[in-house]
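What follows is a set of notes on a single structure, which appears directly below.
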Number of protein chains: 2
Amino acid sequence: MASVTGNGREGSETGGRGGRPRSAGADAAILAAARALLAERGWDGMTLGDVAARAGVAKTTLYRRWPGKAELVVDAMAQLFDTLEPADAGSVRADATIAIRDLIALLGRPETQTAFLALAAHAARDPGLRAAVREKIVDRQRRLVHAGARRADARGEGGRITDPDLLFDVIAGTMVHRLLIAGEPVDDGYVERFLDLVLPAATR
Amino acid sequence: MASVTGNGREGSETGGRGGRPRSAGADAAILAAARALLAERGWDGMTLGDVAARAGVAKTTLYRRWPGKAELVVDAMAQLFDTLEPADAGSVRADATIAIRDLIALLGRPETQTAFLALAAHAARDPGLRAAVREKIVDRQRRLVHAGARRADARGEGGRITDPDLLFDVIAGTMVHRLLIAGEPVDDGYVERFLDLVLPAATR
DNA sequence: TCCGCTACGCTACGACTCGTATCGGAAATC
DNA sequence: GATTTCCGATACGAGTCGTAGCGTAGCGGA
């Protein structure tokens with residue numbers, strides 16, 4: 001999977017019937033450069049000219065593959081969020097604890113801090129970007145909760161998750177609000193108290 | 001209260017001992033113009049030159065009162081968030097329902113959608129801005145939950161809120177995530193399900 | 001082998017924004 | 001009236017954006 005999702009030439013393997021194919025490694029280099037520059041200089045400080053230079057690519061190549069900064073960063077961040085994976089630790093609470101700790105670590109990264117909310121802010125005025133954020137980032141995270149719900153069902157008795165979609169909003173929202181909006185840390189005790197608050201009513 | 005918080009000349013009533021005082025209405029006009037332009041053109045589309053022109057003020061006047069766009073928008077948004085007030089509807093659940101509906105309406109405004117997350121994103125790389133966002137927006141919202149907790153205590157028996165700070169993160173986070181990040185609507189049924197999930201364990 | 005097609009690197013460009021500097025004049029206090 | 005501070009207007013250098021034009025590189029088909 002060279003790119004998280006197509007950024008222009010998706011679908012066809014060889015490209016548009018003849019002609020020089022797109023450089024294979026360019027996407028990966030560009031997205032990595034974008035993440036690095038986001039971490040170093042933040043959303044505003046990162047220019048597409050800088051990204052191109054660091055990736056060893058012409059600026060025009062970026063514009064050939066992505067419409068603009070926001071769409072490029074969506075793909076760059078999606079790659080990062082895709083590193084999260086569901087864990088099977090034997091119980092809903094154990095699974096949730098692991099997932100939340102992973103999420104906290106991800107939200108603590110500098111590139112996430114500057115890019116994630118900036119993307120959401122831009123998405124408010126750009127339906128296409130809104131759809132991309134939802135599809136490439138939000139929905140994939142949501143699936144982790146659904147996977148946990150299915151495991152809970154399989155285990156049976158007393159651990160079933162009644163409303164995974166709502167539970168996902170609560171988990172992700174609480175952590176994002178605490179870490180990225182309020183800007184306050186989350187320690188293990190906070191996670192414990194959070195799970196004490198939410199899990200009893202979320203499972204049945 | 002001309003400005004939500006000082007933006008330069010705070011404290012002294014008359015200004016710096018003699019000389020022409022700052023135009024009283026200018027702050028209000030500037031903040032209103034900023035909100036209007038945020039709603040119309042979004043964070044990126046709003047320039048300080050435009051704000052000055054619409055407020056009927058020179059651009060330099062803006063820079064005399066605020067260090068930059070982010071700080072100005074913090075004050076503009078703080079005025080908006082300050083319109084939220086605690087309600088006393090007789091029970092924790094009734095109070096929470098009203099507060100959440102007010103919050104939803106506020107988060108649905110176009111200026112909030114584009115500005116709130118943009119501010120938080122910038123705050124990630126600017127400690128001063130982070131402090132301003134927390135002090136002028138987040139902490140004031142948090143107080144609404146604390147006020148509700150005190151009312152619950154006064155009512156006694158069975159309605160006490162055990163951890164208001166955590167509850168605030170959960171409420172605000174869930175709504176922000178649902179509305180601004182996932183970009184999906186919140187109807188009354190969602191609020192009901194949310195309160196069913198959270199309130200039982202949050203009160204004692 | 002030659003040709004058509006597409007992507008590439010490079011350079012240059014106009015339009016725009018930013019934040020600052022500078023100025024004479026206006027509006028208060030002393 | 002003198003002083004002090006704020007105000008509006010204008011100009012400016014620096015930097016970014018997204019696009020266009022150029023010649024070249026790499027691939028498949030005739």
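Chain identifiers are assigned alphabetically (A, B, ...) following the order of the sequence lines, protein sequences preceding nucleic acid strands; residue numbering begins at 1 within each chain.
- With distances taken from any side-chain atom of Thr47(A) to the nucleotides dC18(C), dC17(D), dC7(D), the minimum falls on dC17(D).
- The distance between atom CG of Leu62(B) and atom P of dA21(C), rounded to the nearest whole Å, is 17 Å.
- Taking for each of Thr60(A) and Asp44(A) the nucleotide of DNA chain D with the nearest heavy atom, the 5'-most of the two is the partner of Asp44(A).
- Here the side chains of Leu117(B) and Val176(B) are in contact, with some heavy-atom distance below 4.5 Å.
- One can place NZ of Lys59(B) at 7 Å from C1' of dG19(C), the figure rounded to the nearest angstrom.
- Gly56(B) comes within 4.0 angstrom of sugar-phosphate atoms only, judged by non-hydrogen atoms across all strands, and of no base.
- Rounded to an integer number of Å, the gap from CZ of Arg22(A) to P of dG9(C) is 12 Å.
- Rounded to whole Å, atom P of dC7(D) lies 8 Å from atom CD1 of Ile30(B).
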For this session: Take Val186(B) and Ile100(B) through the test side chain to side chain contact (heavy atoms under 4.5 Å, CB included) and record every step on the way to the result.
Result: CA-CA 10 Å; Val186(B) 174; Ile100(B) 290 173; 5.8 Å; no
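- With rounding to whole Å, Arg20(A) atom CZ is found 14 Å from dT24(D) atom P.
- A donor-acceptor pair under 3.5 Å is absent between the side-chain atoms of Thr174(B) and the main chain of Gly173(A), judged by distance alone.
- Rounded to an integer number of Å, the gap from CZ of Arg64(A) to C1' of dT19(D) is 11 Å.
- Here the P atom of nucleotide dC7(D) and the OH atom of Tyr63(B) are 16 Å apart, to the nearest Å.
- Between Thr61(A) and the phosphate of dG9(C), there is a side-chain N or O to OP1/OP2 separation shorter than 4.0 Å.
- Remark: P of dG15(D) and CE of Met46(A) are 19 Å apart, rounded to the nearest angstrom.
- Judged by distance alone with a 3.5 Å cut-off, no donor-acceptor contact links the side chain of Ser23(A) to the base of dC8(C).
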Problem set entry | side chain to side chain contact (heavy atoms under 4.5 Å, CB included) between Tyr190(B) and Arg178(B), intermediate numbers included | CA-CA 10 Å; Tyr190(B) 185 90; Arg178(B) 176 83 177 183; 3.7 Å; yes
